[in-house]
Structures are given as C-alpha cells and as structure tokens.
Amino acid sequence: MIYNQICFLGLGYIGLPTASIVAHKGFKVIGVDINTKVVETINRGEVHIYEPGMAEIVKQVVKAGNLRASSSPEKSDVYLVVVPTPFKGNHEPDISFVEAATNAVIPLLKENDLYIIESTSPIGTTDKMAELIFSKRPELKGKISIAYCPERVLPGNVIYELVHNDRVIGGIDEKSTQKAREFYKTFVEGELHSTNARTAEMCKLTENSSRDVQIAFANELSLICDKAGVNVWELIELANKHPRVNILQPGCGVGGHCIAVDPYFITSDFPMESQIIGKSREINNYKSFWCAEKIRSSMLDFEIKNGVKPKVAIMGLAFKPNIDDLRESPAKYIAQKVMQSEQNGVMVVEPNLKEHNVFKLSDYREAYEKADIIAFLVAHNEFKTLEYRNDKIILDFAGIFKI
Ligand code: SAJ
C-alpha cells in the first residue's frame, strides 16, 4: 500500500512521538493540533514535550520536510486520532475531542482511506465514530477501513516502546484489521495482534485496570502491615520468592494520566460489575490521604514530645520515580495537604525539577540534613544515595530504605 500522506490528529505525549517515528520512516506526515503554540514549536523543529530521543527525531524530520504541523487536517491516506479523552465531573468519559477530530476529517475521506483511533476510549467509541462517518458520507460504507489501536508505551521510554512493543489491532471488520496491520507493519517491530475494535478498546482499559488492582493490593498490604508491625517491603520480597506470586510495590498512591484514570472508563460503563476495579481505585486514592495523615500526626507527635515544631522534608513530587511529570501526582497532593496545615519548616524536594510555580524546591541533601522528619514519597534514584539516619524520623512510603 502506498501512503502519499499520513495525518495525525493530536500532537501530545503519544501523537508527536508516533508522528515523528512514522515521518522518520520516510513518509510524508502532517501533524494537526488545536494548540497553535504546539504547531509553531514543531514547525521550528522543536518539541513541547520531553521524551528521551524525541527532540532529535523531530528536528531531523521537520528539516527533511517529512513532518509538518498544522491547525487543520489535509487530504491524506491514513488518519490517526490521538487526542485526549478526559473526564467530565463524575468520572464520565468525554469523547468530544475524538468526535471533533473525526468531524474534521470526514469531508476529506476518500475510498481506500484508513481511519484509526489510538486514544484511550470507552468501549464502543470506534463503532460510534464509524456511524458518525457513514451518516455524513454514506457512499464510503464498506469502502474505507476503520480500526482501534491502543498504545501501551511507558512515559520516559516512548520512542523505543512505540517501535518494539506488541500492538493490538482491532478493525470494525476483517478488511479494516488487515489494512491497519499493513500500516503498523511499516514502523512497528513488535508483534501485531488482530482482534475486533471493541476487544481492542477493552484491552487497553484492562491492561491499566489490572495494574491498578495489583498496586491496590500492595497498598492495602502496606496499611495492614503498618498496623500489624510487619515490614511490608520484607513481606512482599519474601512472598515473591514463591514461583507464582508477583506482588507489586506499595507507594504513596497511584498517579499519572493512565493507570489512575483508565479504570474509570470501565467503572462508569459497568458500575455494578466492576467491584474490584472500583474498590482498587478507592484504595489507591485513600493511600495518598493516609500518607498525608501519617506525616501530619508525626509532626504533631514531634511537637508534643520536643515542644518545638519539626522541620519536615517532603521527598518527591513526581507521579513516579525518575521522571519530572507531576500529572495526577499523589506526591503533589500529599505535599499540598501537609502544607495546608503547616507551612513553616516544611521543605519540598523534587530532584527532577529546577523550580516549581507553587512549591519552593530544596536540594535533597540539604533537606535531608536539616529535617527532623523526612517523608519519602517517590523512589527517585537520588534518594537511594542517602545514608540511613537513626537520629531522624523517616517515613518511608516509597521503599527507599525498605523500613
Ligand atoms: N506504581 C506503584 N507501585 C508499582 C508500580 C507503579 O505505586 O509497583 C505507581 C507509580 O508510582 C505511578 C503509577 O503507579 O504513580 C503508574 O505508574 P506506571 O509505571 O505503572 O504507569 P504509567 O502511567 O507510567 O504507564 C502505564 C503503563 N501501563 C502498564 O504498565 C499496564 C504503560 O504501558 C501505558 O502505556 C500507560 O500507562 C498508558 O499510556 O496507558
């Protein structure tokens, strides 16, 4: 199949790296974004998102004329919808961006085109978009291919994983699945697994919900062990010696724009059936509240015992170790809650950020030296270089010293 031009709608965390990899393969790619600043940045050969290795590729493909950014789509042979699917108030999925992107390309569609949704979506979204397309362009029914193909890349390793991870390809019919496979074969070296659109939509939600449930189990264990006087880190390490047990690590809660979010796509559509998935979300959210309360009571105990307020170091703001991304970060939530009750003497540390528009950041070594109470929220590598100090109160929510 010859692709004269490939159109990506949405140049964010997934759209931009994918568009640049496809352009790097020699295809002509037009990237579309509603944010004019994003369009201008990319057309300068620069990036607005940090992902290791991406800036170099974008610079190269823009210079070579293979990647162009625009605010509106142009006639192409393949259209990929990679826009956000946020939530309305009560965890109700919002597919309005997917609908808007689809409406933008409907007038451009022609026979033999391929239309793909990559955005994490509620089950049935691809069918809905197919209906929308054919309601406005009935002559295209059976003449174009429509598929759903979720991404599963890990922030911080996107460029590698976009090429090497297996992909699930779900067409609305057999021909669509085949056409989508042909397209992904041009840049994906991982295995391509064929299915239908609804199963592919559900697969994405299942992958992240299963991880959220597993993390909730570890977090629940940490609450039980705190009360039982058992070291949860040692417990999990021992239990995982069993050949068929693999318990994940407790943390200060679950963050990011995926694991903490995707399970709600299921619970909002299947509230009665998704008991464990719903409860796991509650447990992971509660863990963050529990950590904040632990810190605050430790501060109170210190003041009662010593007659002075403690100096406190909040170690880590990112949503996971060794990245600078604070989206949906439980650590940020905890820092905010602790500082609501006490500003004085609280130092905030985030080694992956130079500054923050809300928190005044401290150097992690200085904060560790000065503080009476140290709360490790995120297992950044820098923190693992610190020596354990038994003259300080260490709240180890991230397993730095595994105490
Ligand atoms: N976490 C724990 N304990 C663990 C593992 C993770 O508390 O043992 C926490 C992390 O600290 C973080 C959160 O969970 O706050 C999510 O981190 P993550 O590394 O599990 O997930 P993400 O959000 O960075 O990326 C996930 C990945 N999905 C899976 O691993 C099933 C990635 O493959 C997906 O592509 C991505 O979501 C997405 O875009 O959906």
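The model shown is predicted, which means the values in this text are computed figures rather than measured ones. All residue numbers in this chain count up from 1 along the given sequence. Order of appearance sets the numbers: ligands from 1, and atoms from 1 within every ligand.
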Consider ligand 1: state whether an atom of it lies below 4.0 angstrom from any non-hydrogen atom of Cys258.
-> yes
For atom 14 (O) of ligand 1, which candidate among Leu205, Asn157, Ile215, Val158 holds the nearest heavy atom?
-> Ile215
Counting only heavy atoms, which portion of Val153 has something under 4.0 Å from ligand 1: side chain, backbone, both, or neither?
-> backbone
Can you figure out which of Asn208, Leu377, Asp262 has its heavy atom closest to atom 31 (C) of ligand 1?
-> Asn208
Test Phe376 against every option in Tyr388, Phe401, Tyr364, Phe397 by the ring-ring contact (aromatic ring centres under 6.0 Å, His included) rule and name the one that passes.
-> Phe401
Does CD belonging to Glu303 count more than 12 external heavy atoms closer than 6.0 Å?
-> yes
Met129 side chain near Ile146 side chain, heavy-atom distance below 4.5 Å = no
In the protein, what heavy atom is nearest to atom 21 (O) of ligand 1, and what distance, to one decimal place, separates them?
-> Ile259 CG1, 3.5 Å
Of all the atoms in ligand 1, which lie at a distance below 4.0 Å from a heavy atom belonging to Phe319?
-> 10 (C), 11 (O), 12 (C), 15 (O), 23 (O), 24 (O)
Is Gly255 close to ligand 1, meaning an N/O of one under 3.5 Å from an N/O of the other?
-> yes
Aromatic rings Phe183 and Phe187: how do their planes relate, parallel, tilted or perpendicular, breaks at 30° and 60°?
-> perpendicular
Taking only heavy atoms of Pro155, which atoms of ligand 1 are found under 4.0 Å from at least one of them?
-> 24 (O), 25 (O)
Does CZ in Phe217 sit with more than 12 non-hydrogen atoms of other residues, nucleotides or ligands closer than 6.0 Å?
-> no
Please examine the side chains of Ser176 and Asp173, heavy atoms only from C-beta on, and report whether any two atoms are closer than 4.5 Å.
-> yes
Near Leu154 (heavy-atom distance under 4.0 Å), the atoms of ligand 1 are 19 (O), 24 (O), 25 (O), 27 (C), 32 (C)
Is it true that a side-chain atom of His380 and a backbone atom of Phe383 form a donor plus acceptor pair closer than 3.5 Å?
-> no
Could you pull out, from Gln249, Arg152, Glu161, the option with a heavy atom nearest to atom 8 (O) of ligand 1?
-> Gln249
Can you name the one residue among Arg198, Arg152, His193 that meets side-chain contact (heavy atoms from CB on, under 4.5 Å) with Cys203?
-> Arg152
Of the listed options His257, Lys287, Glu151, Lys320, closest to atom 22 (P) of ligand 1 (non-hydrogen atoms) = Lys320
Proximity winner for atom 40 (O) of ligand 1, if only heavy atoms of Arg211, Glu207, Lys204 are counted = Lys204
